[in-house]
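Below you'll find the structure, written out as structure tokens, and then a few comments.
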Amino acid sequence: MCGRFNVVSAPLTQFIMEILDSDTPVPHLSTEYNIAPTEQVQVVYTEADRRCLASMRWWLVPHWAPEPSTKYSMFNAKSETLATSRAFRDSFKSRRCIVPVSGYYEWRTEQSVKVPYYVEADADKGLALAGLWDRWEKDERVVYSCTIVTAEAPQSMQALHRRIPVHLNRAEITQWLAVETATESLAALLAPTLRVPLKITPVSSYVNNARHKDSRCVEPTGPSVRIALD
DNA sequence: CCAGACGTTGTT
DNA sequence: GTCTGG
DNA sequence: CCAGACGTTGTT
DNA sequence: GTCTGG
């Protein structure tokens, strides 16, 4: 799954520029080493046929929710049920987005101890994670929020975790963000195939505490492993 | 009909 | 055990 | 995702 | 808002 990630300003800003329209102003991004669910995150979405960057709350609040709440686990969305889930299907049809990250963390239980790993792109400045967004409004309050789509891990990543966020390559970003793309044709993007080469590094359990926000979160504790395309 | 859910992962 | 906060 | 709280009354 | 369960 994906419950914690990272934004390192300079390289990620470059990555975001590459996936935004060329005439869109340079976004300002601050470096965040340990972003947790319910925090504000930067999201690329389509508005009036243009790719925009906006700040959204990482925990989807459906437009019909009586109040923003964390009663239900809404920071990830299972790819298998996006089309039928009452909470996600409207967003799946017309409000897909990209959550650009420098890398994300996964925990693996080893001898009953949870060990964090940092996952990043092996040949790029960032990762484009598939997401959904929604807009909630009541009285004077407006909340834009998002969730990250998860899928079964490809064979090459099963050793790390059974489920991972959906990584999109450049062509897939275009498909995912296009409002006119029929959801049926997105099945290939949600399949358990690795289409972005990755580098995985064990890191300090310092990252476990979501209050720890400095670079010690990505301090390696062992050698990296590279994972090639399927 | 009304009331209540609407979600994810992992684990024993 | 389960919910809230980050 | 993980960590940490989970409670009440009255007071400096 | 919309579906499921009773």
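Below, chains carry the letters A, B, ... as their sequence lines are ordered, and counting in each starts from 1. Here the structure is a predicted model, which is why all the values come from computation and not from measurement.
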Detail all sub-3.5 Å separations between protein N/O atoms and N/O atoms belonging to nucleotides 1-6 of chain E.
from   : atom 1 : to     : atom 2 : distance (Å)
dT2(E) : O3'    : R89(A) : NH2    : 3.3

Taking the [atom1] atom of each, how far is [N] from [M], in whole Å?
{"N": "dG10(D)", "M": "dC3(C)", "atom1": "P", "answer": "30 Å"}
{"N": "dT2(C)", "M": "dT8(B)", "atom1": "C1'", "answer": "15 Å"}
{"N": "dT11(B)", "M": "dG1(E)", "atom1": "P", "answer": "39 Å"}
{"N": "dC2(D)", "M": "dT9(B)", "atom1": "P", "answer": "13 Å"}

I need the [atom1]-[atom2] distance between [X] and [N], as an integer number of Å.
{"X": "R163(A)", "N": "dC1(D)", "atom1": "CZ", "atom2": "C1'", "value": "15 Å"}
{"X": "E80(A)", "N": "dT9(B)", "atom1": "CD", "atom2": "C1'", "value": "12 Å"}
{"X": "N6(A)", "N": "dC2(D)", "atom1": "CG", "atom2": "P", "value": "16 Å"}
{"X": "K71(A)", "N": "dT8(B)", "atom1": "NZ", "atom2": "C1'", "value": "15 Å"}
{"X": "N208(A)", "N": "dC2(D)", "atom1": "CG", "atom2": "P", "value": "7 Å"}
{"X": "I164(A)", "N": "dC1(D)", "atom1": "CD1", "atom2": "P", "value": "15 Å"}
{"X": "R108(A)", "N": "dC2(D)", "atom1": "CZ", "atom2": "P", "value": "14 Å"}
{"X": "W59(A)", "N": "dT9(B)", "atom1": "CH2", "atom2": "P", "value": "12 Å"}

Inset, instruction - Ignoring backbone atoms, establish whether S73(A) has a side-chain N or O less than 4.0 Å from OP1 or OP2 of dT9(B). - result: no

Inset, instruction - May I ask you to verify if any side-chain N or O of K114(A) is less than 4.0 angstrom from the OP1 or OP2 atom of dC2(D)? - result: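 The answer is yes; a side-chain N or O of K114(A) sits under 4.0 Å from OP1 or OP2.
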
Legend entry - ILVMFWY clustering at 4.5 Å (side-chain atoms), partners of V143(A): V61(A), W136(A)

Legend entry - Hydrophobic cluster partners of V207(A) (side-chain heavy atoms under 4.5 Å): V8(A), Y33(A), Y105(A), W107(A), Y118(A), V203(A), V218(A)

Legend entry - Bracket notation of DNA chain C in which parentheses pair within the strand, [ ] cross earlier pairs, and | pairs with another strand (Watson-Crick or G-U, under 3.5 Å): ||||||

Legend entry - Interface with DNA chain C, restricted to residues 141-153 of chain A and to heavy atoms under 4.0 Å: none

Inset, instruction - Tell me which residues in residues 27-37 of chain A put a heavy atom below 4.0 Å from DNA chain C, sorted by number, or none. - result: A36(A), P37(A)

Legend entry - Q40(A) side chain to S55(A) side chain, donor-acceptor N/O pair below 3.5 angstrom: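 Q40(A) vs S55(A): donor-acceptor pair found between side chains.
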
Inset, instruction - May I ask you to check whether R51(A) and T174(A) show a side-chain donor-acceptor distance below 3.5 Å? - result: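 The criterion, which ignores hydrogens and geometry beyond distance, is satisfied for T174(A) and R51(A).
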
Inset, instruction - Check side chain to side chain donor-acceptor pair (under 3.5 Å) between R141(A) and all other residues, then give those that pass, not counting sequence neighbours. - result: E67(A)

Legend entry - Partners passing side chain to side chain donor-acceptor pair (under 3.5 Å) against T201(A) (at least two apart in sequence or in another chain): S224(A)

Might you point out which heavy atoms bring [X] and [Y] nearest each other, and give the distance in Å?
{"X": "A151(A)", "Y": "V166(A)", "value": "CB-CG2, 3.8 Å"}
{"X": "A83(A)", "Y": "R89(A)", "value": "O-CB, 3.3 Å"}
{"X": "L12(A)", "Y": "S102(A)", "value": "CB-OG, 3.7 Å"}
{"X": "L186(A)", "Y": "Q175(A)", "value": "CD2-O, 4.2 Å"}
{"X": "L132(A)", "Y": "C97(A)", "value": "N-SG, 3.6 Å"}
{"X": "Y144(A)", "Y": "R135(A)", "value": "OH-NE, 3.1 Å"}

Inset, instruction - Starting at CD of E152(A), measure out to OG1 of T193(A) and round the result to the nearest 0.5 Å. - result: 10.0 Å

So do the side chains of [X] and [Y] get within less than 4.5 Å of each other, counting heavy atoms only?
{"X": "N6(A)", "Y": "E32(A)", "result": "no"}
{"X": "E172(A)", "Y": "H167(A)", "result": "no"}
{"X": "L60(A)", "Y": "R95(A)", "result": "no"}

Legend entry - Where at least one partner belongs to residues 206-230 of chain A, residue pairs that pass ring-ring contact (aromatic ring centres under 6.0 Å, His included), sequence neighbours excluded: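 Every ring-ring contact (aromatic ring centres under 6.0 Å, His included) pair that includes a residue of residues 206-230 of chain A, provided the two are not neighbours, is Y206(A)-H212(A).
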
Inset, instruction - Any ring-ring contact (aromatic ring centres under 6.0 Å, His included) involving residues 61-90 of chain A? Give me the pairs, sequence neighbours left out, ordered by first then second residue. - result: W59(A)-F75(A)

Between the protein and nucleotides 4-7 of chain D, are there any N/O to N/O pairs under 3.5 Å, and if so, what are the atom names and distances?
none

Inset, instruction - Mind checking F75(A) for me? I need base, sugar-phosphate or nothing, with any heavy atom below 4.0 Å counting as a touch. - result: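 Here F75(A) touches the bases of the nucleic acid.
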
Inset, instruction - Return yes when atom CD of E80(A) has more than 12 non-hydrogen atoms of other residues, nucleotides or ligands closer than 6.0 Å, and no otherwise. - result: yes

Legend entry - Within residues 129-139 of chain A, residues whose heavy atoms come under 4.0 Å of DNA chain B: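 Those residues: none at all.
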
